[in-house]
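Side chains included, hydrogens not; waters and symmetry mates left out as well; all remaining heavy atoms used.
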There are 4 protein chains.
Amino acid sequence: MFFYIDASNGVPIFEQISRQVKYAVARGALRPQEMVPSVRELAQRLAVNPNTVARAYRDLQADDVLEPLRGEGLQVTRKAAERCRRDRQSLLRQRLHSFVVEARQSGLPDDEILTLFQDELSRQPLAESLP
Amino acid sequence: MFFYIDASNGVPIFEQISRQVKYAVARGALRPQEMVPSVRELAQRLAVNPNTVARAYRDLQADDVLEPLRGEGLQVTRKAAERCRRDRQSLLRQRLHSFVVEARQSGLPDDEILTLFQDELSRQPLAESLP
Amino acid sequence: MFFYIDASNGVPIFEQISRQVKYAVARGALRPQEMVPSVRELAQRLAVNPNTVARAYRDLQADDVLEPLRGEGLQVTRKAAERCRRDRQSLLRQRLHSFVVEARQSGLPDDEILTLFQDELSRQPLAESLP
Amino acid sequence: MFFYIDASNGVPIFEQISRQVKYAVARGALRPQEMVPSVRELAQRLAVNPNTVARAYRDLQADDVLEPLRGEGLQVTRKAAERCRRDRQSLLRQRLHSFVVEARQSGLPDDEILTLFQDELSRQPLAESLP
DNA sequence: GTGGTCTAGACCACG
DNA sequence: GTGGTCTAGACCACC
């Protein structure tokens, strides 16, 4: 299974879903031409409203990451891999940017920001972050 | 002065205000016993509705960062400095945590995460981040 | 139902609402996991602005009495019952305390204070106080 | 000295002052024809804005409890004693009434309300309540 | 449908 | 002058 939803996260659920699909494609866990789970199935698995999954899939189609396979469901597009790697980079950059802006505004000195960052990296071993 | 609001930020304005007050206290730009700008004045300065500022100030009272001086306005509490430094640490930690979780999930290798981070730090010189 | 608002009471409406929710939970009229009326519905029922109800509900979330069920509404938290019973006790104690302080300061002898109290208790039969 | 102000009480300061003057008259600590302290002096003693004391004195004049003695200050009126005893009774009744209403609404059983009351009475020995 | 944010403007209490 | 409450109504995001 390739993702995990945190309902008390502030980030909208539909966006968590669509991002994680992109990330899965970016890192090769989901390959072009492969089918994604049906709306119903995924909704049940994540204990989430089907509308929410549908919305995520809709967004992913708009981004040319998924495309319908007539009557069969949705599959990852051919160009998805490249696109998702680009998106991953820019999504992360963007989050990082806003974090650094805030950290700077807060007046925390650079060395302490760096310490926080290294702490965090070492606290999250790679293994547990890919359930 | 110590406020900078970004209306197209996703983060609610009232929360940007209350955070920045906390940060200002945390870094010593605003000291215990000092008065904060009046609701009306700050509202005008930020081109924002007075109710929005009032809400931020109300939240800060609930967090024991501000207290009323009857008929005079609001002042920073005695214990605010300590509290705000703690809050700053935990607010930033929290944002960093969710970033690292996402970066890891995205499958981006650690060295590239680090590169992103260093890029961002060097791209935002200290001077321009405290307007 | 469990609300009765007195607009000419001095006590702000939003606070009357949040208190009564707590009391309803404390006495078991509203149980953990149960949904509270929607903001709009309650506002209409009490002939009050929706913002006012929203504020009460916001305060209750801050007190961990309510929690959002995304897109569904607000429900009473699991720990609410215990918390509300404690709050009820302390809210009433506090009011009683300030009353007794004032009664004593006024120089009214203890036996007359007691008489006032008993009068009041017998004048408000239980039936009419839970409309 | 016959009263004591609690600034963090919710009750407006000017009202605390005027009530306590009435109570002092009611219990005979302040007698008809006696002078009350000047606005300035009392304001300084209570560490309060002179306007606040002035407002209290204004209200007391409107209630015929104080009257000006040309150029000398304010004195307690002849009819004040009777009037203040009446007011004391009705002020306390009123507070008690709203307390009982709330206690009943809260669903706390009568015997527990009574227990709270007795606790409070025994916890505040007469001596310390008249500083 | 739900709650959340924001604006605009009125009114009040306090000092 | 200060903050606080309330109303009215618009707009948005989420489910």
Side-chain angles (χ1 to χ4, degrees), chain A residues 7 9-17 43 46-56 59, chain B residues 5 7-17 35-43 46-58 60-61 66-75, chain C residues 5 7-17 35-43 46-58 60-61 66-75, chain D residues 7 9-17 39 43 46-56 58-59:
Chain A
N9 192 18
V11 181
I13 296 175
F14 75 88
E15 200 176 332
Q16 293 187 45
I17 296 174
L46 301 179
V48 147
N49 189 311
N51 287 329
T52 308
V53 177
R55 162 91 188 256
D59 291 354
Chain B
I5 297 303
S8 63
N9 192 15
V11 183
I13 296 175
F14 72 88
E15 201 176 327
Q16 293 187 47
I17 296 174
M35 307 279 301
V36 290
S38 82
V39 168
R40 289 163 171 88
E41 185 200 331
L42 186 54
L46 300 179
V48 144
N49 189 290
N51 284 329
T52 306
V53 177
R55 162 124 189 231
Y57 280 0
R58 188 164 55 235
L60 289 166
Q61 287 182 66
L66 297 183
E67 63 186 351
L69 215 55
R70 301 178 68 148
E72 302 265 333
L74 296 167
Q75 75 177 346
Chain C
I5 297 303
S8 64
N9 191 17
V11 182
I13 297 175
F14 73 87
E15 201 176 327
Q16 293 187 47
I17 296 175
M35 308 279 301
V36 290
S38 82
V39 168
R40 291 163 171 88
E41 185 200 331
L42 186 54
L46 300 179
V48 144
N49 189 291
N51 283 330
T52 306
V53 176
R55 163 124 186 232
Y57 281 0
R58 187 163 57 234
L60 288 166
Q61 287 182 68
L66 297 183
E67 63 186 351
L69 215 58
R70 301 178 67 148
E72 302 264 334
L74 297 166
Q75 76 178 346
Chain D
N9 192 18
V11 182
I13 294 174
F14 75 87
E15 200 175 330
Q16 294 186 46
I17 296 174
V39 167
L46 300 179
V48 146
N49 190 309
N51 287 328
T52 308
V53 177
R55 161 92 187 257
R58 200 174 347 119
D59 291 355

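- B/Q61 and B/P68 make their closest contact through OE1-CD, 3.6 Å (heavy atoms, listed as atom of the first residue, atom of the second, distance).
- Between the C1' atom of E/dT5 and the CG atom of B/N9 lies a distance of 14 Å, rounded to the nearest Å.
- Positionally, the nearest nucleotide of DNA chain E for C/E72 lies more toward the 5' end than for the other of B/E15 and C/E72.
- As a whole-Å value, the separation of A/R55 CZ from F/dC12 C1' is 11 Å.
- In this structure, the side chain of B/N9 does not engage the main chain of B/V11 through any donor-acceptor pair within 3.5 Å.
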* Mind running side-chain contact (heavy atoms from CB on, under 4.5 Å) on A/I17 and A/L46 for me, showing each step along the way? => CA-CA 10 Å; A/I17 296 174; A/L46 301 179; 4.1 Å; yes
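- Side-chain N/O atoms of C/R58 include none lying less than 4.0 angstrom from OP1 or OP2 on E/dG3.
- For the pair C/A47 and B/G73, both in contact range of DNA chain F, the more 5′-proximal nearest nucleotide belongs to B/G73.
- C/V53 pairs in a side chain to side chain contact (heavy atoms under 4.5 Å, CB included) with only one of the listed residues (C/I13, C/V48, C/V36), which is C/V48.
- Note: CG (C/L60) to P (E/dG4) measures 11 Å, nearest angstrom.
- Between the CD atom of A/Q16 and the P atom of F/dC14 there is a distance of 11 Å, given to the nearest Å.
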* Could you summarise the pairing of DNA chain F as dot-bracket text, marking Watson-Crick and G-U pairs under 3.5 Å with ( ) or [ ] inside the strand and | across strands? => ||||||||||||||.
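- For the OP1/OP2 pair of F/dG3 and a distance below 4.0 Å, the side-chain nitrogens and oxygens of B/Q61 include no atom meeting the criterion.
- Using a 4.5 Å heavy-atom cutoff, the side chains of B/Y57 and B/S38 are not in contact.
- When the P atom of F/dT5 is taken as reference, atom OH of B/Y57 falls 16 Å away, rounded to whole Å.
- Counting any heavy atom pair closer than 4.0 Å across all strands shown, B/L69 reaches no nucleic acid atom.
- Set against E/dG3, F/dG3, E/dT7, the side chain of C/S38 has E/dG3 as its closest nucleotide.
- Per the geometry, CD1 belonging to B/I13 stands 14 Å off P belonging to F/dC12, to the nearest Å.
- Relative to the side chain of A/P12, the nucleotides E/dT2, F/dT7, F/dC14 differ in distance, and F/dC14 lies closest.
- Rounding to whole angstrom units, CG of residue C/N51 and P of E/dG9 are separated by 16 Å.
- Using a 4.0 Å cut-off, some side-chain N or O of B/T52 falls inside it from OP1 or OP2 of E/dT7.
- Along DNA chain E, the nucleotide nearest to B/P50 and the one nearest to C/R40 differ in position, and the one closer to the 5' end is contacted by C/R40.
- Checking E/dC6, E/dG3, E/dG15 against the side-chain heavy atoms of B/F14 singles out E/dC6 as nearest.
- Counting any heavy atom pair closer than 4.0 Å across all strands shown, D/N49 reaches sugar-phosphate atoms only and no base atom.
- The two residues C/R58 and B/R55 come nearest to each other via the heavy atoms CD-NH2, 3.0 Å.
- At least one side-chain nitrogen or oxygen of C/R70 sits closer than 4.0 Å to the OP1 or OP2 atom of F/dC15.
- Atom CD1 in C/I17 sits roughly 13 Å away from atom P in F/dT5 (whole-Å rounding).
- Shortest non-hydrogen contact noted between B/F14 and B/T52 is CB-O, 3.7 Å.
- When all heavy atoms of D/A43 and D/N49 are compared, the closest pair comes out as CB-C, 4.3 Å.
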